[in-house]
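Input: a single structure, listed below in structure tokens.
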Amino acid sequence: MSVHHEEPTSFAFDAESEAQIAKIVARYPEGKQASAVIPLLYVVQKQMKRQTDSGWVPRIGMDAVAERLGMPPIRVYEVATFYFMFNTKPVGKYHLQVCGTTPCWLRGSDEVLRACQDHAGVKHYGETSEDGMFTMTEVECLGACVNAPILCVDDDFYEDLDYERTKALIEALKRGERPTPGSTIGRLNSAPEGGPLVLTDMPGAGE
Amino acid sequence: MAKVTVDGIEVEVPNGASVLQACEAAGKEIPRFCYHERLSVAGNCRMCLVEVEKAPKPVASCAYPVNDGMKVFTDSAVVRQARRNVMEFLLINHPLDCPICDQGGECDLQDQAYAFGADGSRYTEAKRAVKDKNIGPLVKTVMTRCIQCTRCVRFSAEVAGTAELGGTNRGENLEIGTYVEKALTSELSGNLIDICPVGALTSRPYAFVSRPWELKKTDSIDVLDAVGCNIRVDARGPEVLRIIPRVNEAVNEEWMADRGRFSFDGLKRRRLDRPWVRKDGKLVAATWPEAFSAIAAKLSGLSGDRIGAVAGALADAESTLALKDLMAAYGSTNLDCRDDFATIDASRPDFYRFNTTIAGIDEADALLIIGSDVRREAPVLNARIRKRWTQGKFKVGFVGPRGVDLTYPATYLGDGPAAMSAFAETLKGAEKPMIILGRGALSRPDGAAVLAVSWALAAEVGALKPDWHGFNLLHLFGGQVGALELGFVPGQGGKDQAAMLGGGVDALWLLNADGFDPARIGADTFVIYQGHHGDAMAGRADVILPGAAYTEKEATWVNTEGRAQRGRLAVFPPGEAKEDWRIIRAFSEGVGKTLPYDDTAAIRAALAAASPVFGRVGEVQRAGCADMAGPAGGSVSGVPFVLPLPVYHQADVISRASDVMAECAAIYGPAPALAAE
Ligand code: SF4
Ligand code: FES
Ligand code: FES
């Protein structure tokens, strides 16, 4: 493991995490607790976010999960490093996850990327801005291609982006605001842009 | 059973067998990397592709179950092309650095690329490189060579029971390693070198030492623990360059322990390569005749009861017999082979053997371990227990120091003899219960009582039946059981070791006896030390007779089960050192008490006459318990058991002389249970 960052020296689940763990672990039959490894890693990541404003999973947090679930630590390391959604390094206050997969790319994800580079202070994927506000990561399809391109900020999807709207989003985040997630052009979920286009002549439609 | 046709050859294999196994049954060679018959199936390398009739595309035979009536083709055009393509993929990120790779010449990747691969690659982009990992002083890593078959990951989790290796990250960034840098804590780590099909995991002590075709290969037996692992000693000229295991399903399957594998550099250090005689308080170099006449002069003036002999942990059977016969010629019955003061009762073989046998562990359904850290005293045997445990319905109880990690769960019962009865109910409930008593548990004042109580417990819980013998003594070294089989214990009116020490005899012949503190020998006792290493005991000697180490002689060893096996001479003993029984034979001739054998065949015949185990070399006669009457004991004390080998890597004269083992000892230190005290 190449460590270029400070690892905390201690980690203990707080009361909120404990409450979540009790619920999660109870979902699995006795003896199959190891199945809870993924949700528990999320618990660690969330707790780190609460406590340090940076949502990541330190190694010692993985150890805590291993101990709690009675599995060898390496089995937890494997899972934690396999999934992109677990940050094994500290991240900024806002984690900008730019979808670069084909649908988003065709719909202009390069513009989203450029806006992040220009306004969030991060030049490359994997980088954290100097002020610690933003970390930018490239992710694969987020499963929201209908509203491509997508920028996922922490757990929230911002959709139908272009350069300007991405810039605006970042500026808002900088001001400490949290714009409502979803489409940035005002459409309802993934309904057609500008209102319904088909089945408009159904009785009662368009009323 | 399922009928399968492989390339037109019809074979029958059990339902649930894999296509690969069916192909093997038909005598077809299927290339493979990730598949290993002693590990779980991973099916990730794709090298084992074959064509199955009606299957739309080639299938990975190792992970594909057979069907009745299945037709398999292992050499069709499709299969050949598939293998070439898989090989091309595997080599995309492989460095192709065979000229500087220690696996070269015995590499599955090299061999299979040659046999099944294409003659070139279409890949022209950059290859990936992976940082090497430091996983301890024994296993060297060159991780760019890794093909991610995960054999090592499965071995450490499944066989060794120390899940420390894994695959972290994903896709192109997948790496095999420990993630957090650490030295592997397994006593079986050397086996990773053997199972890694490429040059990613190689032997550190053997790095850049030799090519396989330069080695003289000699089949032999490991004696650094009492399992009797079958080994191959690879030597070049006068030097042992490495030791690797051989397959013996009944003993070591295909594994061996790290001390046995990596101690061989100790065979070159601190060797006794010439006789020495003490003159005016100082040991001075001597010739064989001088050494012999010094001994002869001393012994000639003594009556038999003032002469004694002790055989130790690494004494071979031939020399033990010769020494016994020599002592008889001097009229001495002062013999002992329990140089660790273990109160072993040699009156009946099943009092001191591992009666269940190693293969028999597979059948047991409950196990009580008394005073033995099996993991460190017999790592390969422990892996067998672990294998049994992984199959389920197997309860283990442990009596001994707290904190011993056996690699499988064991109910902790307590630290002293009183605790063993706590497991009686579990054992009673079992069909084939086993008790393993550590030899170390007998090296204490109430050892005889511990033995008697353990036997009585075995009798009580139904471990002693006409068709099942569940009482087992686990010895520590390869020379210990042979001497017991030969009855190298006090004869009529003879003194045991304790009585011989402290001036109980005037002359003491120590044959590889290094198991006790030399200071306990009486100040005026004349000590003859016959052995191969200048360890503490040699320093106390009045005459040193340089013997041969186990790699340097034709010798017979008996493992803890009572299985006699032959070690072979791989290299000659250094300097003037000689095969041990020949030393004793030569001495006997000089003093006019000529022993009645003068070649290997003759002494082997004498061995076979002395005990039937030497008449059935390689075999062990497994039997139930015919006589439940136990050994004599007394009453046990409440004193906690102490483990006999404080440091796994330095347990005998050879490993203590090894730099590699010294490095391990510095890194791993004493066993955790002892460190905690
Ligand atoms: S190190 Fe060797 S055994 Fe382990 S995954 Fe790589 S190639 Fe396989
Ligand atoms: S490609 Fe971006 S969400 Fe699917
Ligand atoms: S041997 Fe079958 S996939 Fe590797």
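Below, chains carry the letters A, B, ... as their sequence lines are ordered, and counting in each starts from 1. This structure is a prediction, so every number in the text was calculated from the model and none was measured.
- In terms of the salt bridge (Lys or Arg N to Asp or Glu O under 4.0 Å) criterion, Asp365(B) has no residue partners (sequence neighbours excluded).
- The heavy-atom pair separating Pro103(A) from Cys145(A) by the smallest distance is CB-CB, 3.7 Å.
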For residues 66-73 of chain A, dump all side-chain donor-acceptor pairs below 3.5 Å to protein atoms at least two apart in sequence or in another chain.
| residue | atom | partner | partner atom | Å |
| --- | --- | --- | --- | --- |
| Arg68(A) | NH1 | Glu18(A) | OE1 | 2.9 |
| Arg68(A) | NH2 | Glu18(A) | OE2 | 2.9 |

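- Residues of residues 159-170 of chain B having a heavy atom under 4.5 Å from any heavy atom of chain A, listed by number: Ala163(B), Glu164(B), Leu165(B), Gly166(B), Gly167(B), Thr168(B), Asn169(B), Arg170(B).
- For the side chain to side chain donor-acceptor pair (under 3.5 Å) test with Ser17(A), the passing option among Arg50(A), Gln51(A), Lys46(A) is Arg50(A); the others fail.
- Taking the side chain to side chain donor-acceptor pair (under 3.5 Å) definition, one finds that Tyr94(A) meets it with nothing, sequence neighbours left out.
- Heavy-atom contacts from other residues, nucleotides or ligands closer than 6.0 Å to CD of Glu431(B) number 12 or fewer.
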